[in-house]
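Remarks on the structure that follows.
Numbered from 1 within each chain, the chains take letters A, B, ... in sequence-line order.
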Amino acid sequence: MTDSPAFRPEPRTPRGFQDRRARDLRVEREILAQVSAVYEQYGFEALDTSAFEYADALGKFLPDSDRPNEGVFALQDDDEQWMALRYDLTAPLARFAAQHWETLPKPFRRYAYGPVWRNEKPGPGRFREFIQCDADTVGSARPEADAEIVALAVAGLEAAGLPRGTAVLKLNNRKLLNGLLSAAGVADDHQKLAVLRAVDKLDRLGADGVRLLLGEGRKDESGAFTKGAGLNARGIEAVLAFVAAGGGSRTDVLARIADVIGGSAEGDEGLADLSRIDVALKGLGVAEDQAVFDPSIVRGLEYYTGAVFEAELLLDTVDEKGERLRFGSIGGGGRYDDLVARFTGERTPATGFSFGVSRLAAALRAAGREPGHQARGPVVIIAFSEADMAHYFEVAGELRGAGIAAEVYLGSSGMKAQMKYADRRMSPAAVMLGGDEIAAGTVTVKDLDLGRALAAKVTDNQTWRGERPGQATIRRAELVAFVRRIIEG
RNA sequence: GCCGCCUUAGCUCAGUUGGUUAGAGCGCCAGAUUGUGGCUCUGGAGGUCCUCAGUUCGAACCUGAGAGGUGGUACCA
C-alpha cells in the first residue's frame, strides 16, 4: 500500500485551519453548554443545518466560472450545481425559514452553533474555519424582538464567563444615520455604505481619521490611500456630531441624538424604535451598564436594516508574550428585514446576535479568565507483565464502572516511562498491580498530584526513591473508594 | 488585494568577510536507578539551513522568483 518510496507528505494543518486539543475543546464546549441553556431559557429552539448550501442561497458570493471560490469554499456537484460551505449561520437560517415558512411557528426563534468556513486570507486569531453561535428571531418586526436579542446576548455572555462589568452590549439603529444622510441630501447607496465604513473605524482612527474618510479620503502611515465617502463639510460635521452623541444613560443618548438628527421621517422612526427597545430592556432587567446606546456602532455590513448590536470586551487582555492586546468586538448582530425576502419575495423581519466561540474563548484566556481546571487524564493502570493483563483490565473495568476514567497502559515501555506517561496525561493517580500485589490481594495506588507536591521538597535522589511519595498499598477491595478519595481531593 | 519585516533541530534562537564535519538552551529517547513521574549526572536520536533558479572554485550567508509566516492597511457575510 505504500506509494513511491521517495514521496513523503509533510504532515501539516492546512493554512488557516487549526487542530484543537482537549484543553481548548473543554473550554469551548463549556461555553456552548452554558450559552445554549440560556438561549433555551429565552425560548429559542435548537437548529442544525447542513454545512453545504447551494451557492445561490448564500447570496453575496455567487461563484462564477472564473473565480468560483471567491470568499467561500465552493465546488460543483455532479449535477453541475454550485455548492458552498456556509460562511455564517444567518444565510442558512434565512434559507431554512423561507423553505419551511408555512409550517413554522411564527415568529420563529432558534439558536444554532457550528463551524463556518471562509475562504480568505487568515490572520492571527482569524481562521478559515471557526465555530459560530447565533440566536435569531424571524418574523417579528417589533423593537421588543431586538430588545430580547440584546437581553439574551447579555445573559449569554455572562453565562459564558463574562460577569457583569466585563463586557457591554452597544446598540444603535441604522435608520438614524440613514435619516441623517437623506436629510443632508445623500441618496446614493454606495455613498451611504462608505459613510458606514468610515464610522466603523472611529475607535481605531479617531474623529480626525474618520473626518478624512467621510470627505476626500485618507492616506495611512504606509502611504496607502483610502478613498473617502465624498461628503461635503456640512455632511461631515453632521455625521461626526451624530456619532459623538453617545455616553450616559440610554435616555440621555436618545435626547442627544434627537437634537443632532433633526426630524427626518426615517430618523424619527429609528428614535421611536430605540425608545421602545429601552422600555423593553428596563422590563427585562437589563441595566444601563450592560446595554448602552452608542451612535458610533454601525457594523460594516450592508444587509442590516435597523437595530445593530456589538458586544465589547471591557477587560484588559494580554497575549502570550504579555503584551497588551486589543480585542474589541466579541460578537454582534442586528436586524435584517430583507434577507428572507431573497427567497420568498416577501419582506420578513428578522433580528439576531452571533459570536465566535473560539474567539470568545481566546478573549477569556487573554483576560486570564479561562476556567482554571486543566484537562485531567484517566487513572493509568501500570502494565507490568504480559501474563497479568487480565488483572489490569479487571481494575480498569471496576474503575470505569464506578464512573472513574481509567485505562491500562498499552505501550511497550518500562515502568518509568509508564509513570511519565501518566504524568503527561495529567492523571490523578497511577494504579500498580504487580506480581507482589496480586499474590497478596493488594494494590498500590500513587496519588500523582500529592507525589508531585512532595517531590518539590526532595532534592536527594535516594530519599525520593526510598519514600515513594504519595503512594499507598491497600487491600484490593478498597481500590475504588481509595481512588475516588484521591480524585475528589 | 497592497506595503514592510521574517523563515536554520519538535520549540526558542546563535551562526564571523562566502570556506571543509551547521551549533546552543529547552524538549524528546535511554542509562545511572531489575517495580516508580521530580532533581542531578552521562549518553543518544533528531537538520532538503522554506523552495526553485542564478552568481561563484565553493552558498545557511550574495541575486532573482515563488511559498509560508508576521505586522500594518483594505475588504469582511
Side-chain angles (χ1 to χ4, degrees), chain A residues 6 8 10-16 53 57-61 70-72 84-94 116-126 132 134 193-194 196-197 200-201 204-205 209 213 217-227 299-304 320-321 323 329 332-334 336 339 352 354 377 380 382-385 409 413-427 429-437 444-471 473:
Chain A
R8 289 269 189 286
E10 189 189 338
R12 66 223 218 270
T13 29
R15 193 158 85 92
E53 292 284 344
L58 291 181
K60 199 170 170 186
F61 292 95
E70 185 68 10
V72 298
L85 287 171
R86 63 188 181 200
Y87 55 73
D88 70 7
L89 297 174
T90 311
L93 169 65
V116 300
W117 296 267
R118 295 182 184 182
N119 188 8
E120 57 189 21
K121 187 187 153 188
R126 216 177 135 149
Q132 230 177 31
D134 280 40
L193 200 59
L196 294 179
R197 289 195 189 125
D200 203 24
K201 295 183 175 61
R204 196 152 44 84
L205 301 180
L213 283 176
R218 174 178 176 274
K219 191 183 275 192
D220 64 46
E221 303 80 44
S222 72
F225 183 76
T226 310
K227 197 170 178 296
R299 316 264 314 149
L301 312 185
E302 215 164 341
Y303 69 43
Y304 290 120
E320 301 85 28
K321 290 168 189 154
E323 280 170 41
S329 161
Y336 48 98
L339 217 54
S354 91
V380 170
I382 305 293
F384 289 95
S385 96
Y409 175 79
S413 299
M415 181 165 182
K416 191 181 168 83
Q418 297 189 39
M419 293 300 295
K420 231 170 152 161
Y421 172 81
D423 189 43
R424 199 172 296 181
R425 289 294 301 275
M426 283 301 293
S427 303
V431 171
M432 283 160 273
L433 192 62
D436 299 347
E437 282 91 346
T444 300
V445 180
K446 182 159 192 166
D447 181 335
L448 292 171
D449 288 349
L450 183 60
R452 208 188 329 271
L454 294 173
K457 296 170 198 144
V458 180
T459 49
D460 160 56
N461 183 252
Q462 213 63 37
T463 317
W464 159 253
R465 290 182 61 76
E467 274 188 9
R468 305 266 141 98
Q471 185 170 323
T473 299

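- Minimum heavy-atom separation, A/Gly209 to A/Arg218: O-CD, 3.8 Å.
- Regarding A/Glu467, its CD atom lies at a distance of 16 Å from the P atom of B/rG38, rounded to whole Å.
- The two residues A/Lys201 and A/Leu213 make their nearest non-hydrogen contact at CD-CD1, 3.8 Å.
- Residue A/Arg204 places at least one side-chain N or O under 4.0 Å from the OP1 or OP2 atom of B/rU73.
- Between B/rC26 and B/rG38, the two P atoms lie 15 Å apart (nearest whole Å).
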Nucleotide N/O to protein N/O under 3.5 Å, stretch nucleotides 5-12 of chain B:
none

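- The same atom, P, is picked in B/rG54 and in B/rA60; the two are 16 Å apart, to the nearest Å.
- A/Ile382 has its CD1 atom 9 Å from the C1' atom of B/rG37, to the nearest Å.
- Closest contact between the side chain of A/Arg15 and the listed nucleotides B/rG68, B/rG37, B/rU73 involves B/rG68.
- In this structure, A/Gln418 reaches neither bases nor backbone, as no heavy-atom distance under 4.0 Å exists between it and the strands shown.
- B/rC29 sits 13 Å from B/rG37 when the P atoms are compared, rounded to a whole Å.
- With P as the reference atom, B/rG10 and B/rC6 are 23 Å apart, rounded to whole Å.
- Using a 4.0 Å heavy-atom cutoff across all strands shown, A/Lys201 reaches sugar-phosphate atoms only and no base atom.
- Nucleotides B/rU48 and B/rA24 are separated by 23 Å at their C1' atoms, to the nearest Å.
- A search for side-chain contact (heavy atoms from CB on, under 4.5 Å) contacts involving A/Ala194 returns A/Ala229, not counting sequence neighbours.
- Separating the C1' atom of B/rU56 from that of B/rG19 is a span of 12 Å, rounded to the nearest Å.
- Across every non-hydrogen atom of A/Ser427 and A/Val380, the tightest pair is OG-CG2, 3.4 Å.
- The residue A/Arg126 sits close to a base: some heavy atom pair falls under 4.0 Å.
- Checked against side-chain contact (heavy atoms from CB on, under 4.5 Å), A/Asp88 has the following partners two or more places apart in sequence or in another chain: A/Thr90, A/Ala91, A/Pro92, A/Arg118, A/Gln132, A/Tyr303.
- Atom OH of A/Tyr87 and atom P of B/rC75 are 18 Å apart (whole Å).
- B/rA32 and B/rG15 have their C1' atoms separated by 34 Å, given to the nearest Å.
- The strand RNA chain B forms stems, runs of 3 or more Watson-Crick or G-U wobble pairs with distances below 3.5 Å, at B:1-7 with B:67-73, B:10-13 with B:23-26, B:28-32 with B:40-44, B:50-54 with B:62-66.
- B/rC75 and B/rG18 have their C1' atoms separated by 45 Å, with the value rounded to a whole Å.
- Side-chain nitrogen and oxygen atoms of A/Lys219 include none within less than 4.0 Å of the OP1 or OP2 phosphate oxygen of B/rG72.
- Between A/Asp200 atom CG and B/rC76 atom C1' there is a gap of 10 Å when expressed in whole angstrom units.
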* **Base versus backbone protein contacts along nucleotides 29-36 of chain B [heavy-atom cut-off under 4.0 Å; B, S, -]** => S---B-BB
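- Between the OH atom of A/Tyr409 and the P atom of B/rG37 there is a distance of 14 Å, given to the nearest Å.
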Would you tabulate the nitrogen or oxygen pairs shorter than 3.5 Å linking the protein to nucleotides 40-45 of chain B?
none

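- Salt-bridge check for A/Arg197 with A/Asp200: failed, with every basic side-chain N at 4.0 Å or more from each acidic carboxylate O.
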